[in-house]
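In what follows, a single structure is set out as structure tokens and then discussed.
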Amino acid sequence: MLSGYGIIMLYTEILNDNKDFLALYRNGRYIASEYSVIYVRPNGRPYNRLGITAGKKIGNAVHRNRAKRLIRLAYRQAELSLPIGIDLVIVARSRLTEISSSEYCAYMDSKGVPEIERCARKMMKK
RNA sequence: UGAGCAGUCCAUACGGCAGCGGGAUCGUUCAGGUCACGAGGAAAGUCCGGGCAUCACAGAGCAGGGUAGCUGCUAACGGCAGCCGAGGGCGACCUUAGGGCAAGUGCAACAGAGAUAUACUGCCUCCGCUUGCGGGGGUGAUGGUGGAAAGGCGGGGUAAGAGCCCACCAGAGUGCGGGAGACCGUACUGCUAUGUAAACCCUACCCGAUGCAACGUCUAUUGGUGUCAGGUAUCUUAACGUCUGCUCGGCGGAUAUCUGGCAAUGACGGCUUGAGCCUUCCGGCGACGGAAGGAGUAGAUAAAUUGCCGUACACGACAGAACCCGGCUUAUCGGUCUGGUCACAUU
RNA sequence: GGACAGAUGGCUGAGCUGGUCUAAGGCGCACGACUGGAACUCGUGUGUACGUUAAUAGCGUACCGAGGGUUCGAAUCCCUCUCUGUCCG
């Protein structure tokens with residue numbers, strides 16, 4: 001239903017309200033690595049919501065754009081294997097600009113997705 | 001051949017697969033297919049100048065801000081071009097906030113006798129006597145200090161000295177000649193005037209304020225808030241509000257309360273063809289102007305150009321549009337071409 | 001995106017109508033006094049780098065975010081950058 005929106009394909013909307021970001025930072029679970037920090041929280045909706053943060057620390061506008069692209073790419077590839085009905089915020093870290101996209105996709109496949117699933121399941125039970 | 005100077009242009013290229021943004025079109029009302037297009041020379045810093053929009057417009061003055069050789073170019077500029085002066089370089093050429101302290105005021109620490117006017121050490125002379133001291137006068141050459149000591153240097157002159165006089169140089173004024181002008185050249189006069197205006201200031205010229213989160217249209221909720229209109233009560237012709245900060249002046253009577261409308265939220269518009277770019281010709285030393293012809297859809301809104309693979313080489317820097325232009329400044333791996341200069345060699 | 005502020009020792013914070021006499025003052029730190037021992041209080045000292053030196057002493061030079069300029073002289077005035085922070089109907 002939201003495919004016309006572009007960036008994200010199937011079940012995902014863009015998260016763009018500052019309140020939602022703050023709520024996730026406070027109440028969500030997080031998975032940290034040297035490339036990124038992923039915040040997860042169930043939202044009780046029939047679709048997912050994704051937010052990306054690329055702060056000033058990462059570098060100039062070119063580097064920030066690259067970080068966002070990499071995260072979007074990785075999310076798109078991992079989307080089908082994710083549970084539906086969660087909010088995600090991915091915060092980029094400065095190491096992310098130094099690696100290639102395949103490296104980050106591999107990380108998401110092997111570690112990111114299972115961790116997100118685990119966190120989501122735990123919080124759903126509550 | 002080497003060194004160096006000034007400027008122009010380019011910003012890895014090509015192919016394959018997957019993907020993104022708005023648009024057109026097919027299809028159908030919702031998936032999707034097809035097509036072409038899709039970041040920069042600085043998109044940056046926000047340092048200037050405009051366009052555009054809203055507010056205010058009877059204006060006038062002061063304050064405040066900016067610019068600073070001249071002539072031009074331009075929509076405009078603190079930009080650019082040419083020229084002048086000063087400084088640097090053998091040279092091509094480069095640098096230059098470059099009006100006025102000779103209108104007034106201020107400041108100039110320390111040092112030094114003395115800092116914008118003086119007399120410590122001196123030099124000369126007169127008087128007195130205890131004969132190397134005291135007093136009067138002349139002088140600003142000498143000594144040291146300082147960023148700066150009353151134009152500089154040499155000669156004449158003198159008791160000693162001094163633009164007191166003379167030559168040359170620097171500066172000022174006046175006349176004449178040249179130039180569009182900044183200025184340049186020259187003659188005479190006069191006898192000289194410290195630095196600082198990126199100190200106040202003076203002179204000339206320019207400047208209304210706010211910025212696309214401007215602003216316009218539609219729309220949900222109306223409790224408070226703001227604002228506009230009307231009613232009621234109170235106070236009065238001076239206050240208050242507003243017009244840029246102030247003054248004059250103009251406009252609105254003001255405050256409280258009640259009723260009604262509007263605003264916010266969200267969406268859409270503003271949003272991209274523009275003082276635009278390229279080529280040729282004409283005018284101009286040039287910036288630039290004119291004419292003819294040609295090419296050409298970035299317009300997002302947590303924000304689009306990417307990921308992977310292959311080939312080639314110089315192994316790829318700085319860096320991402322957010323209303324739009326003209327500059328300036330700063331960052332930048334390198335490459336390309338053009339025009340001068342100097343040195344050496346050969347002819 | 002736009003409009004504005006600021007940057008001074010380890011920390012805080014004056015100096016910003018240029019002057020050479022020290023970059024005030026407070027906190028902190030070190031040492032000493034007070035005490036049986038501490039705290040409080042009082043006193044003295046205390047930035048960094050380089051050079052000199054046997055030397056941790058003393059002396060000299062430089063440094064007020066960075067780099068230029070004006071000036072005899074700059075923390076102060078002017079210009080260009082860097083960084084930090086604030087505001088937006």
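Just so we're on the same page: letters track the sequence lines, and every chain starts at 1. Just so you know, these numbers use all the heavy atoms, side chains as well, and skip hydrogens, waters and symmetry mates.
- Shown here for A/Asn48 and A/Pro83, the closest heavy-atom pair between the two residues is ND2-O, 3.3 Å.
- Atoms CG (A/Asn60) and C1' (B/A43) sit 13 Å apart, rounded to a whole Å.
- Separating the C1' atom of B/A108 from that of B/A197 is a span of 15 Å, rounded to the nearest Å.
- Listed by chain and number, the residues in a side-chain hydrogen bond (donor to acceptor under 3.5 Å, both in side chains) with A/Thr53 are A/Tyr25 (sequence neighbours excluded).
- Proximity of A/Ile31 to A/Ile116: side-chain heavy atoms (C-beta onward) are separated by under 4.5 Å at one or more points.
- Taking atom C1' on both B/A102 and B/U121, the two are 35 Å apart, rounded to the nearest angstrom.
- Distance check on atom P: B/C246 versus B/G64 gives 15 Å, rounded to whole Å.
- Only the P atoms considered, B/G41 is 25 Å distant from B/G51, to the nearest whole Å.
- Put simply, CD1 on A/Ile71 is 17 Å from P on B/U306, counting in whole angstrom units.
- Considering every non-hydrogen atom in both A/Leu96 and A/Ala92, the closest pair reads CD2-CB, 3.8 Å.
- Between the P atom of B/G19 and the OH atom of A/Tyr75 lies a distance of 18 Å, rounded to the nearest Å.
- Rounded to whole Å, the separation between the C1' atoms of B/G45 and B/G15 comes to 40 Å.
- In this structure B/G41 sits in the syn conformation; its chi angle is within 90° of 0.
- Here B/A302 presents its C1' atom at 15 Å from CG of A/Asp87, a figure rounded to the nearest Å.
- Taking atom C1' in both B/G178 and B/G154, one finds a spacing of 36 Å when rounded to whole Å.
- With rounding to whole Å, A/Arg64 atom CZ is found 18 Å from B/U306 atom C1'.
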*How does RNA chain C read in dot-bracket, base by base from 5' to 3', with Watson-Crick or G-U pairs under 3.5 Å and | used when the partner is on another strand?*
((((((((.[[[..)...(.....]]]((((((.......))))))((((((.....)))))).[[[[[..)....]]]]]))))))).
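- Figure legend. B/G253 is base-paired to B/C235; pairs are counted as Watson-Crick or G-U wobble with both atom distances under 3.5 Å.
- Side-chain atoms of A/Arg29 do not come within 3.5 Å of backbone N or O of A/Arg41 as any donor-acceptor pair.
- Heavy atoms of A/Asn65 sit under 4.0 angstrom from at least one base atom.
- The two residues A/Glu34 and A/Arg95 have their closest heavy-atom pair at OE1-NH1, 2.6 Å.
- B/G340: glycosidic angle within 90° of 0, hence syn.
- Heavy atoms only, all atoms of each residue included: A/Met123 and A/Val40 are closest at SD-O, 4.0 Å.
- Here the C1' atom of nucleotide B/G19 and the CZ atom of A/Arg72 are 12 Å apart, to the nearest Å.
- The interatomic distance linking A/Lys68 (NZ) with B/A302 (P) rounds to 10 Å, in whole Å.
- On the P atoms, C/G9 is 36 Å away from B/U210, given to the nearest whole Å.
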Just the atom pairs and distances: protein N or O near nucleotides 307-309 of chain B's N or O, under 3.5 Å.
{"from": "B/G307", "atom 1": "OP1", "to": "A/Arg66", "atom 2": "NH1", "distance (Å)": "2.6"}
{"from": "B/G307", "atom 1": "O3'", "to": "A/Ser101", "atom 2": "OG", "distance (Å)": "2.7"}
{"from": "B/G307", "atom 1": "O2'", "to": "A/Ser101", "atom 2": "OG", "distance (Å)": "2.8"}

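- The partner of B/A167, taking Watson-Crick or G-U wobble pairs whose two distances both stay under 3.5 Å, does not exist in any strand shown.
- Glycosidic conformation, B/A36: anti, with the torsion outside 90° of 0.
- Using a 30° and 60° split on the angle between ring planes, A/Tyr107 and A/Tyr35 fall in the perpendicular class, above 60°.
- Taking atom CD1 of A/Ile52 as the reference point, atom P of B/U301 lies 15 Å away to the nearest angstrom.
- Atom P of C/A24 sits at a distance of 35 Å from the matching atom of C/U35, rounded to the whole Å.
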